[in-house]
Q: 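Got a structure for you, written out below as structure tokens; questions coming shortly.
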Amino acid sequence: MFQDESFDPVEFATCWKKERTLSEAHTQTSEVLTYEAAVQTAERASVSVQTDEEPEKPFSLVVDNSRELKEFLTRVEPLVSEQLRRNLESHAFDGYEVSWEEESTAVSCLHTLEEASQSSQFHCTGLAWNCTGSVLAASYGRFDHQDWCSHKSMLCTWNLDRRSIDSTKADISIDIPSCLMCLSFHPSEPAVVAGGSFSGEVLVWNTGREGDPLLASSGFTDLGHKEPVAKVSWMINPEEHKNKPLLLSLGNDGKILVWKHTPEKRELQLMKGSRLLSGSIPRSLRVGRSKGDIEMGGTCLSFSHEDKTVLVVGSENGGLLKCSLPTPAEVNENTTEADFKSPIEFAFRPHHGPVYSVSCSSFHRNLFLSCGTDSTARLYSMIDSAPLLLVEPSAGYLFSVCWSPTRPLVFAMGTGDGHVLIYDLKGSHIKPRVSLDASPHKRAVFAVEYNQRRPQLLASGDASGVVKVWRLSTELLAQGSGEVELLNSIAEEALSMATL
């Protein structure tokens, strides 16, 4: 039924695929031509020239005894003298100061500065402007030590006259082997700054010197500070004919020490010393039930602007003390701490907690401000123990207070809730004229400092290490007529009420 068959094959061409054809060809680029040539720079020559030194011509006044000059002076002298007399008796320009700055209607933040390397682990413990007003220095450390300090802190400076300021890196940064608690610029040398450490050492640096900026230190001696240095301040040395300043330090151990810096020596020389002793205070003004001459830890100080031998000192127990400088004992090889007498001359009604800042007025010889952990700022007179005025901003602890260098009735303070409050007593002592948000993280503002040479600038430093530079408004700078008289009347009125 079925069988195998074989058929011839059948071929047919595809209808969807075309045949490919191949051909060979070659190409060649044009020949690349190269050339070699030698060149030589032009020869240059430098020639210096110098003008001939011109001899100095002697100065001489022309003598004129002519009759015309005599008649002219005789005619105009009465008119000029009368006008000068009227100018002396006029009060038209009382309190007026020429301002070369543009007027500003509001307070503005010019710079927010911080040192990135410290990573917010340190507090800004102090601020200082140098004598030219161009450089701001900040000391870094911590106020909350529970034990001995093992931190390595720093001193940082920023030059605000530079065209470009790095807000996260200081122009100069100096490492310190212990927390730096305070600092103060030299009154006439803009690069020299002094500081006090938590370990009790007093140090002096030259920020303009490369390599090793440390000029001198107190070291650790038997008569030196045994506890943290709370404040350092330069003071005029009346015994030096060149009026070279001495360095005063106040410690939490109650010592007030006076140091001398000699340029060729690396060690500060201790000149005088005294101790804050509770036995020098009347019992009615003592804090607690302390008996005998117990040392009181110092926290802050401020010199009188008229009498540089008088200073006001605040203490850890809330005491406010008027002290005098001539009383400290001279130091020699036989001196012991028992030879350090008390410099206290007068005591004021104390705060209810540690005093963190005092500031003497530059417009009234007897008035000074103080603030502390009792959340009050107080206005005192050096001739009365009771406060003349109390300011209670309800902003937590108050850590810093300072008077305006241009307005007799204006002062600024740093608060525990991160604000800088500026009060104007001409308006109100209850409500601040300006409230500034000085801390991005709402941390306490430990330092507030006016620029004495450029009073339109105010600096603040907080517990996160952030430093802010504020430009003040014109109304906070320009002194109005009668402000000094109003400040005097506040002091006199309060004193008269106290004596009733």
Side-chain angles (χ1 to χ4, degrees), residues 97 99-115 123-130 132-140 156-162 164-168 170-171 183 185 357 359 362 369 371 377 391 393 395-396 398-427 431-479:
E97 292 186 6
S99 176
W100 304 106
E101 299 288 334
E102 295 182 3
E103 291 192 0
S104 175
T105 57
V107 180
S108 59
C109 181
L110 292 182
H111 305 286
T112 299
L113 310 171
E114 53 185 322
E115 175 57 42
H123 306 154
C124 176
T125 57
L127 295 170
W129 296 93
N130 73 343
T132 64
S134 61
V135 176
L136 174 64
S139 58
Y140 290 94
C156 297
T157 67
W158 290 268
N159 188 337
L160 302 188
D161 283 346
R162 297 183 63 178
S164 59
I165 299 177
D166 190 342
S167 61
T168 61
D171 297 335
L183 76 167
F185 267 108
S357 181
S359 177
S362 57
L369 288 164
C371 68
V391 179
L398 303 180
F399 293 101
S400 181
V401 65
C402 58
W403 287 100
S404 165
T406 58
R407 292 281 310 277
L409 299 169
V410 172
F411 61 91
M413 68 173 77
T415 70
D417 63 357
H419 289 85
V420 172
L421 306 179
I422 302 179
Y423 282 82
D424 186 355
L425 298 181
K426 190 176 182 179
K431 183 179 180 181
R433 174 62 64 89
V434 178
S435 177
L436 303 174
D437 189 2
S439 177
H441 309 292
K442 305 298 181 184
R443 304 287 298 277
V445 178
F446 286 131
V448 177
E449 192 72 24
Y450 273 98
N451 189 326
Q452 299 296 320
R453 296 298 299 271
R454 304 178 187 181
Q456 73 274 14
L457 299 181
L458 174 72
S460 63
D462 72 354
S464 299
V466 177
V467 176
K468 290 195 173 187
V469 180
W470 307 89
R471 179 187 173 87
L472 302 179
S473 61
T474 304
E475 69 169 353
L476 295 175
L477 296 174
Q479 182 183 147

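No experiment lies behind these values; they were computed from the predicted model shown.
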Q: Hey, does Cys371 have a side-chain heavy atom less than 4.5 Å from the side chain of Met413?
A: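 SC-SC contact between Met413 and Cys371 ruled out.
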Q: Which residues pass the salt bridge (Lys or Arg N to Asp or Glu O under 4.0 Å) test with Asp171, sequence neighbours left out?
A: Arg162
Q: What are the two closest heavy atoms between Ala377 and Leu398, and how far apart are they?
A: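 Smallest heavy-atom distance, with atoms named: N-CD1, 3.7 Å.
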Q: Show your reasoning for whether side chain to side chain contact (heavy atoms under 4.5 Å, CB included) applies to Ile422 and Leu458.
A: CA-CA 11 Å; Ile422 302 179; Leu458 174 72; 4.2 Å; yes
Q: For the pair Ser404 (side chain) and Thr406 (backbone), establish whether a donor and an acceptor sit closer than 3.5 Å, ignoring hydrogens and angles.
A: yes
Q: Which atoms form the tightest heavy-atom contact between Ala137 and Thr157, and what is the distance?
A: CB-CG2, 3.8 Å
Q: For Asn451, give me all partners under side chain to side chain donor-acceptor pair (under 3.5 Å), at least two apart in sequence or on another chain.
A: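 Counting only residues at least two positions away or on another chain, Asn451 forms no side chain to side chain donor-acceptor pair (under 3.5 Å).
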Q: Excluding sequence neighbours, so at least two apart, what forms side-chain contact (heavy atoms from CB on, under 4.5 Å) with Ala438?
A: Val420, Val445, Ser460, Trp470
Q: Specify the closest pair of heavy atoms between Ala170 and Trp158, including all atoms of both residues, with the distance to one decimal.
A: CA-NE1, 3.3 Å
Q: Check whether any side-chain heavy atom of Leu457 sits under 4.5 Å from a side-chain heavy atom of Leu136, and report yes or no.
A: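 No. Closest side-chain heavy atoms not under 4.5 Å.
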Q: Thr112: what forms a side chain to side chain donor-acceptor pair (under 3.5 Å) with it, not counting sequence neighbours?
A: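 Counting only residues at least two positions away or on another chain, Thr112 forms no side chain to side chain donor-acceptor pair (under 3.5 Å).
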Q: Mind checking side chain to side chain donor-acceptor pair (under 3.5 Å) for Lys431 and listing every partner two or more places apart, or none if nothing turns up?
A: none
Q: Taking side chain to side chain donor-acceptor pair (under 3.5 Å) as the definition, give me every residue that meets it alongside Ser400, ordered by chain and number, with sequence neighbours left out.
A: none
Q: Side-chain contact test, heavy atoms from C-beta onward, threshold under 4.5 Å: evaluate it for Leu160 versus Ile165 and give yes or no.
A: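 Yes - at least one pair of side-chain heavy atoms lies under 4.5 Å apart.
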Q: Using a 4.5 Å cut-off on heavy atoms from C-beta on, say whether the side chain of Ser134 contacts that of Asn159.
A: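 Yes; the side chains approach each other to less than 4.5 Å.
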Q: Could you tell me whether the side chain of Asn130 and the main chain of Val135 form a donor-acceptor pair under 3.5 Å?
A: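 Side chain of Asn130 to backbone of Val135, a donor-acceptor pair under 3.5 Å: yes, one is there.
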Q: Using side-chain heavy atoms (C-beta onward) and a distance below 4.5 Å, is Cys109 in contact with Val469?
A: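 Not touching, per the 4.5 Å side-chain cut-off.
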Q: Would you say the side-chain atoms of Ser357 pair up with the backbone N or O of Val401, donor to acceptor, closer than 3.5 Å?
A: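 Yes: the side chain of Ser357 pairs with the backbone of Val401.
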Q: For His123 versus Ala463, what's the shortest heavy-atom pair and its separation?
A: CD2-O, 3.0 Å
Q: Once salt bridge (Lys or Arg N to Asp or Glu O under 4.0 Å) is applied, what residue pairs with a partner in residues 401-419 remain, sequence neighbours excluded?
A: Arg407-Asp424, Arg407-Glu483
Q: For residues Leu472 and Tyr450, determine if any side-chain heavy atom of one lies less than 4.5 Å from a side-chain heavy atom of the other.
A: yes
Q: Find the distance between CG (Leu421) and OG (Ser435) and round it off to the nearest 0.5 Å.
A: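 Leu421 atom CG to Ser435 atom OG measures 5.0 Å (nearest 0.5 Å).
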Q: Does the side chain to side chain contact (heavy atoms under 4.5 Å, CB included) test come out yes or no for Lys442 and Asp437, once each step is laid out?
A: CA-CA 8 Å; Lys442 305 298 181 184; Asp437 189 2; 3.1 Å; yes
Q: Going by the salt bridge (Lys or Arg N to Asp or Glu O under 4.0 Å) test, which pairs reach into residues 444-460, not counting sequence neighbours?
A: Asp161-Arg454
Q: Rounded to the nearest 0.5 Å, how far apart are OG1 of Thr125 and CG of Leu183?
A: 7.5 Å
Q: Using modelled atom types only, decide if a donor and an acceptor are shared between the side chain of Ser139 and the backbone of Gly126 within a distance under 3.5 Å.
A: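 Answer holds: yes.
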Q: Mind listing the closest non-hydrogen atom pair of Ala128 and Phe185 along with its distance?
A: O-CE1, 3.5 Å
Q: Partners of Phe411 by ring pair (Phe, Tyr, Trp, His ring centres under 6.0 Å), sequence neighbours excluded?
A: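 Once residues adjacent in sequence are excluded, the partners of Phe411 under the ring pair (Phe, Tyr, Trp, His ring centres under 6.0 Å) criterion are Trp403, Tyr423.
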Q: A side-chain contact here means heavy atoms from C-beta on lying under 4.5 Å apart; do Asp462 and Pro440 qualify?
A: yes
Q: So, taking the atom named SG in Cys124 and the one named CD in Glu114, what distance separates them when rounded to the nearest 0.5 Å?
A: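 These two atoms lie 11.5 Å from each other.
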Q: Just to verify, what does Ala447 make a side-chain contact (heavy atoms from CB on, under 4.5 Å) with, not counting sequence neighbours?
A: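 Ala447 satisfies side-chain contact (heavy atoms from CB on, under 4.5 Å) with Leu127 once adjacent residues are dropped.
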Q: If you look at every heavy atom in Cys402 and Ser359, which pair is closest and at what distance?
A: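 In terms of heavy atoms, the two residues are closest at CA-OG, 3.6 Å.
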Q: Could you check Val434 against Leu476 for side chain to side chain contact (heavy atoms under 4.5 Å, CB included), going step by step and ending with a plain yes or no?
A: CA-CA 9 Å; Val434 178; Leu476 295 175; 4.0 Å; yes
